[in-house]
Amino acid sequence: MSPNILSVSSVSKRYTTFRSNFARFRSWFDKRVQPEQEFWAVRDVSFNLHRGEGIALIGQNGAGKSTLLKLITGTVRPTMGTVATTGHVSAILELGLGFNPELNGRDNVYQAGGLMGYPKDQITQLIPEIEDFAELGDFFDKPLRVYSSGMHARLAFSLATATRPDVLIVDEVLSVGDSYFQHKSFDRIRRFKDEGSALLFVSHSMSDVRSLCDRVLLLDDGRILRDGPADEVVDHYNALVAMKDNARTNLEQARKPDGWHQTRSGTFEASLNSIELLDAATGNAVYTAAVGQELTLKLKVKTKKPIPRLVLGIMLRDRTGNLVWGTNTWHTDQVAYDIPKDEDVTFYVHFPCNLGPGSYSVSPALTSSDTHHENNYEWIDNAFVFDVVNTSRAFFGGTCCLDAKFEIQLGAV
Ligand SMILES: Nc1ncnc2c1ncn2[C@@H]1O[C@H](COP(=O)(O)OP(=O)(O)OP(=O)(O)O)[C@@H](O)[C@H]1O
């Protein structure tokens, strides 16, 4: 493992509220003046970040993610514990932090760049690259008060990544940018990681988390609830979100011998008995499918109590956990109504294997509507895994087989 670039040791942050500012002031000198309320936003958090590693902090609103980032960047001081970093840390936290709305983009780069420790002549050297990357056009020379939030994000990201930092800290800020700029930013983040930068990333987008980070810390009530590989912790988090909405929900996790991590949650009032992938023509079981092969996914479900409305959802994900395709029988207008207790229900999903070569997982969910928030009967991440090989098409990359045809014409058309 490469050396630590950031060490967070037993860090806690307590916020206190006093009856008045005067009472807070008095408390500095008089120990008898106690706060009206105290609140631990971060509790005993420890982890190390290594060169080239990407760690995401995830968790529900108020879990303590932003506070932890502020403790790491030094904007907020820990009540207990220590944070140690080696090298240059660049953070893109709250939108436009350190920017002046009355100054234009260019002057803000000088001002905020100066606060980041860049000498003026270095900023002058970096300005063309920052202006070019931000792609703000004439807005670069207009006051920030006329910027949209996406424009702020463009300026903040371009400045924070003008030189490659040893640790890059990115809060939710990129989520306000348009998808063109997000792609461009993610490419730059990936390149920095490949060149040795470490990334600390906060996002509510689980696909962004999976695509940028190898490791995920799940925060809950200021504590680290899980620390592990992205697929495992994100699935745990999704199951927890479902549990918050469904009181009687259970949660089980296991790593299977093939390396895939399975998370099963729900009330299990309706649950999956079996899942098979079949060749559509012969009905034979398929574990390795050919690109273009006609397939049928067969799922047998048993009810343990009367179910007024049953919906099957299917998610197909690639090896890195990114969603390739997903829908449910609510959207296809095939809801099954009034199913009695102890009933067998069989679902068939027919599809051509228009996928690229690689490994894929199927995650079924049994619910009562288009989301799992109302009733999560059962949700199994990675319930079935299969491979796809290319035996009949010219070489292509990616997870999708478009069967595109090239046409070439010489001369003017
Ligand atoms: N300055 C402060 N004074 C008092 N409480 C605070 C302060 N800053 C944050 N908190 C509280 O600390 C808790 C953690 O907040 P934090 O912003 O770190 O959560 P978060 O996980 O980043 O949430 P979100 O996803 O909504 O951004 C919240 O309950 C919040 O109200």
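Each ligand, and each atom within it, is numbered from 1 in the order the structure gives.
Electrostatic pairing of Lys193 and Asp214 counts as a salt bridge here, judged by a charged N lying under 4.0 Å from a carboxylate O. Between Asp235 and Arg210, at least one side-chain nitrogen of the basic residue sits less than 4.0 Å from a carboxylate oxygen of the acidic one, meeting the salt-bridge criterion. Between Asp221 and Arg43 there is a salt bridge, since at least one side-chain N of the basic residue sits less than 4.0 Å from a carboxylate O of the acidic one. One finds a salt bridge joining Glu135 and Lys184 here, because a Lys/Arg side-chain nitrogen approaches an Asp/Glu carboxylate oxygen to under 4.0 Å. Taking 4.0 Å as the cut-off between side-chain N and carboxylate O, Asp342 and Lys302 do not count as a salt-bridged pair. Salt bridge annotation for Arg226-Glu232: present, with a cationic side-chain nitrogen under 4.0 angstrom from a carboxylate oxygen.
Residue Gly59 has no N or O atom closer than 3.5 Å to an N or O atom of ligand 1. Ligand 1 has an N or O atom lying under 3.5 Å from an N or O atom of Gly62, backbone or side chain. Polar contact check, Gly64 against ligand 1: a nitrogen or oxygen pair lies under 3.5 Å apart.
Taking all heavy atoms of Ala41, Ser66, Gly222, Ala63 into account, the minimum distance to atom 22 (O) of ligand 1 is reached by Ser66.
The protein atom (non-hydrogen) at minimum distance from atom 26 (O) of ligand 1 is Asn61 ND2, 2.9 Å. Nearest to atom 9 (C) of ligand 1 among the protein's heavy atoms is Tyr15 CE1, 3.6 Å. In terms of protein heavy-atom proximity, atom 25 (O) of ligand 1 is nearest to Lys65 NZ, 2.8 Å. Closest to atom 13 (C) of ligand 1 among all protein heavy atoms lies Phe39 CE2, 3.5 Å. Nearest non-hydrogen protein atom to atom 18 (O) of ligand 1 is Thr67 OG1, 2.5 Å.
Under the 30°/60° scheme for interplanar angles, the aromatic rings of Phe351 and Trp325 are found to lie parallel.
The protein reaches atom 11 (C) of ligand 1 closely, with a heavy atom under 4.0 angstrom from it. Within the 4.0 angstrom cut-off, atom 31 (O) of ligand 1 has no protein heavy-atom neighbours.
Under a cutoff of 6.0 Å and an axis angle of 45°, Arg188 and Phe133 form a cation-pi pair.
Residue His204 approaches ligand 1 through these ligand atoms, each under 4.0 Å from one of its heavy atoms: 25 (O).
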